[in-house]
Amino acid sequence: MINNNQKINKVISTALAATMATGVFSTCLSADALRFWPFSHSQEEITGICDETKTIINECQELARKLNDSQTAKEALSLLIDIKEKLASAATDYNEAVLLKANAEKTLKNVKVALDVQEVELRKKLEDERREQEKLENEHRRKLEEQRLKMEKEEKEKAEQIMNKKSSLKEQLELILKEAKKNIESNDEFNRISESSEEIFQKVESMDNLDRAESIEVLISSLNTEIKNILTNEEKIRQEKLEKLISESKEDLLVKISSLIEESTVLNEDNKQANELKDSIENFRKLVLSISDVESINLAKESYEKIKCNMISAIEEQIKQEEIQRALAELEQNIEDRRDAQKQCELLSEGKITLDDVIGGNKKAKDKTNMLLKAFERYRKGGKIVPSKGILFYGAPGTGKTSLAKAIAAEKKMELFLINPSMVMGENGERKVLETIELAKRSAQVSGEPVVLLIDEIDAIAQKRSSSSSDKVLVMLMNEVDKLSPNDNVIIIATTNRREALDSAIIRSGRIDQSVEVGLPNSEDKEKILNIYLKLLSVDKNVNLKSLADRMKAFNGADVRKTVDIAITNAMERQGVSKMCDVTITNEDLKLGVATIMDEKMEVYS
């Protein structure tokens with residue numbers, strides 16, 4: 001005869017079997033499963049349970065109507081109606097009442113979960129739409145600004161061209177009048193020339209486009225010709241030889257002016273010496289145009305030699321300054337590259353920096369990973385010992401587990417394939433993970449070289465098994481790991497902040513069976529990390545990195561980097577510079593960074 005304990009065990013076993021076999025909105029236990037319950041209960045207790053169940057049903061119905069997924073809502077409401085109909089028959093049956101309450105609670109829980117998922121998806125959609133709208137608005141503003149700047153530039157250039165041309169024409173007229181006044185002896189002839197030049201001056205003043213310049217130049221040329229005719233008639237014989245000498249000298253010096261102007265084009269507009277040289281050349285041009293005797297010819301030649309010497313000096317100085325600026329720009333770029341994770345990986349893969357230039361400390365993790373890579377290499381070359389399939393990096397957040405994995409792959413020039421928690425969330429998580437693993441295998445097969453499969457935050461996939469939907473991904477992952485062989489050339493590196501949360505099956509022998517702790521850096525490691533982030537920067541000689549490292553109690557690698565970032569920002573503001581290559585980091589700047597991080601940690605713990 002079955003005793004009471006045996007009856008209870010049978011009921012519990014029946015309930016567990018029903019739980020495992022049913023879907024999301026299925027019931028957990030049947031009334032028949034509890035018919036052997038050996039205890040009796042009062043009608044008051046049964047009525048209370050039924051009232052609680054009705055309250056749960058009402059709440060669940062309200063929430064289910066908010067679901068966008070009509071099929072899920074329909075299933076939930078259908079199940080609630082079924083539970084509600086059965087409540088009448090449970091008015092005197094305690095076991096039936098308890099079962100219906102449990103089923104109602106489970107349905108309420110599942111509806112809440114579905115609402116949470118729906119809310120996350122809605123927020124993501126709204127955020128994507130907002131970002132796209134911002135992008136379109138920014139692009140529109142950029143194009144409008146470019147168009148405005150272009151129009152302003154064209155108008156400015158046009159105005160400058162007209163102004164320069166006016167100035168040039170006036171200068172020509174002024175020189176012509178000057179020469180005429182100096183050399184024409186007849187007052188009548190000079191007055192006639194003055195009147196003609198005044199008319200031309202008026203035309204120059206009213207000139208509003210460059211098309212009119214040609215006709216004015218013709219008038220100036222005619223005026224100049226007329227003056228020359230007058231002078232020729234007055235001093236034909238006396239001036240014949242002198243005019244020839246002056247003409248030849250002018251021509252030669254104007255060629256030299258053109259040469260100087262061409263040479264000056266290599267000088268930057270913001271070069272102070274360039275502006276001074278332009279003024280000198282312009283004055284020299286005026287001097288050449290005003291040549292009237294042998295003495296002025298000699299003076300112009302002396303001026304040319306002086307300007308030529310200054311031009312050479314200015315060009316040499318500009319080249320020197322450009323080299324300095326290029327060196328500073330290269331230094332600034334190198335500093336930025338050393339602080340950018342993606343650039344660090346590129347530099348590592350190119351062999352321009354080493355792993356120690358990127359990762360400070362974590363020697364044990366680096367050594368153990370290198371041993372695993374060497375084991376794979378030996379096996380590929382005919383070794384008999386089968387290497388482990390992967391290694392697990394575990395430790396507190398911010399200790400650089402993911403960065404270390406990526407840096408090691410980059411240094412070894414190994415292609416890296418990433419599986420992260422975002423792949424598993426939402427729909428098709430299992431398919432995405434499987435596709436990434438298959439892609440890694442195909443890449444290794446095509447290249448013939450090993451690749452790294454990085455499973456970041458593996459605890460999101462491989463937690464201890466329960467009835468959650470993520471168990472499917474875990475089982476699939478374990479199956480895929482089991483299928484991997486050393487010949488596939490796929491090396492797994494997994495990271496986690498919670499090693500204790502992992503399902504023991506994923507880290508058993510034959511799977512990811514090696515592990516190493518990536519812990520908080522010690523004082524020596526923190527000093528190394530400080531050196532990494534201060535490298536290439538100008539650091540005051542009084543900075544004591546060892547003393548600073550000793551102050552950083554419970555700092556992880558990310559905290560150390562943030563300390564340096566705060567110090568750089570403070571130093572740049574204090575020194576009024578905008579580039580990291582121009583700043584000098586002092587001990588006080590770094591102490592401020594340490595104090596800031598410590599205050600943040602105190603706020604978190606308080």
Side-chain angles (χ1 to χ4, degrees), residues 342 345 349 365 368-377 379-380 386-394 401-466 468-499 501-516 518:
Q342 183 62 34
C345 288
S349 64
K368 196 163 184 179
T369 306
N370 282 329
M371 288 176 63
L372 175 61
L373 298 178
K374 288 178 180 177
F376 261 87
E377 185 63 25
Y379 186 82
R380 291 177 66 215
V386 177
S388 297
K389 294 179 179 179
I391 187 169
L392 173 70
F393 291 166
Y394 67 92
K401 299 179 290 295
T402 304
S403 298
L404 176 59
K406 292 180 177 179
I408 289 174
E411 185 190 42
K412 302 297 182 183
K413 297 181 176 59
M414 299 171 69
E415 191 173 2
L416 184 141
F417 296 84
L418 176 64
I419 295 175
N420 56 34
S422 64
M423 286 186 177
V424 186
M425 294 176 62
E427 298 181 358
N428 302 320
E430 184 178 357
R431 179 179 60 78
K432 292 177 182 176
V433 172
L434 181 60
E435 287 177 351
T436 302
I437 295 173
E438 290 299 322
L439 185 61
K441 289 165 68 175
R442 286 199 300 271
S443 178
Q445 183 181 8
V446 171
S447 66
E449 298 294 331
V451 301
V452 170
L453 177 63
L454 174 57
I455 308 177
D456 198 21
E457 298 184 41
I458 192 173
D459 49 282
I461 303 172
Q463 290 190 28
K464 294 176 181 178
R465 276 171 282 186
S466 63
S468 66
S469 60
S470 63
D471 288 348
K472 289 186 185 179
V473 182
L474 171 58
V475 172
M476 181 277 295
L477 178 62
M478 289 191 295
N479 289 335
E480 291 302 315
V481 172
D482 288 339
K483 293 177 185 178
L484 288 176
S485 73
N487 295 324
D488 290 320
N489 280 337
V490 177
I491 303 169
I492 299 173
I493 299 180
T495 69
T496 182
N497 299 334
R498 302 184 303 139
R499 186 173 185 270
L502 295 178
D503 193 293
S504 59
I506 195 65
I507 54 176
R508 69 160 174 78
S509 178
R511 289 176 180 157
I512 307 174
D513 53 12
Q514 289 196 36
S515 63
V516 61
V518 181

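- We find that Lys374 and Glu377 are not joined by a salt bridge, their nearest charged nitrogen and carboxylate oxygen being 4.0 Å or further apart.
- Listed by chain and residue number, Glu415 satisfy the side-chain hydrogen bond (donor to acceptor under 3.5 Å, both in side chains) test with Ser443 (two or more places apart in sequence, or in another chain).
- One N or O on the side chain of Arg511 and one on the backbone of Ala505 form a donor-acceptor pair closer than 3.5 Å.
- The pair Asp513-Lys389 does not meet the salt-bridge criterion, since no charged nitrogen lies less than 4.0 angstrom from a carboxylate oxygen.
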For this session: Go through the steps to decide whether Ile419 and Ile437 satisfy the test side chain to side chain contact (heavy atoms under 4.5 Å, CB included), and finish with yes or no.
Result: CA-CA 9 Å; Ile419 295 175; Ile437 295 173; 3.9 Å; yes

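- Counting heavy atoms from C-beta on, the side chains of Pro450 and Lys412 never come closer than 4.5 Å.
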Exercise. Does the side chain to side chain contact (heavy atoms under 4.5 Å, CB included) test come out yes or no for Thr496 and Ile455, once each step is laid out?
Worked result: CA-CA 9 Å; Thr496 182; Ile455 308 177; over 6 Å; no

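- Residues Asp488 and Ala444 come closest through the heavy atom pair O-CB, 3.3 Å.
- Across Glu457 and Pro421, no two heavy atoms sit closer than the pair CB-CG, 3.7 Å.
- Judged by distance alone, with hydrogens and angles left aside, the side-chain atoms of Glu480 form no donor-acceptor pair with the main-chain N or O of Met476 at under 3.5 Å.
- Across Ala409 and Val452, no two heavy atoms sit closer than the pair CB-CG2, 4.0 Å.
- The side-chain heavy atoms of Met414 and Leu373, taken from C-beta on, include a pair separated by under 4.5 Å.
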Problem set entry | Steps toward side chain to side chain contact (heavy atoms under 4.5 Å, CB included) verdict (Asp456, Lys401) | CA-CA 9 Å; Asp456 198 21; Lys401 299 179 290 295; over 6 Å; no

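- One finds no salt bridge joining Lys432 and Glu435 here, because no Lys/Arg side-chain nitrogen approaches an Asp/Glu carboxylate oxygen to under 4.0 Å.
- Taking all atoms of both residues into account, the shortest heavy-atom contact from Thr436 to Leu418 is CG2-O, 3.7 Å.
- Residues satisfying the side chain to side chain contact (heavy atoms under 4.5 Å, CB included) test with Leu372, not counting sequence neighbours, are Phe376, Ser388, Ile391, Ile491, Gln514.
- Separation of atoms CD (Gln445) and OG (Ser447) is listed at 9.5 Å; rounding is to 0.5 Å.
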For this session: Before giving the answer on side chain to side chain contact (heavy atoms under 4.5 Å, CB included), spell out for Ile408 and Glu411 the whole-Å C-alpha distance, their side-chain angles and the decisive distance to 0.1 Å.
Result: CA-CA 5 Å; Ile408 289 174; Glu411 185 190 42; 5.6 Å; no

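- Phe393 contributes atom CZ, which lies 9.0 Å from atom CG of Leu454 (distance to the nearest 0.5 angstrom).
- Once rounded to the nearest 0.5 Å, the distance linking CG of Leu484 with CG of Asn489 reads 10.5 Å.
- Separating the CD atom in Gln463 from the CG atom in Leu502 is a distance of 8.5 Å, to the nearest 0.5 Å.
- Atom CG of Leu439 and atom CG of Leu434 lie 11.0 Å apart (nearest 0.5 Å).
- Here the CG atom belonging to Leu477 is positioned 6.5 Å from the CD1 atom belonging to Ile512, to the nearest 0.5 angstrom.
- Scanning for salt bridge (Lys or Arg N to Asp or Glu O under 4.0 Å) contacts around Arg499 gives an empty result, with sequence neighbours left out.
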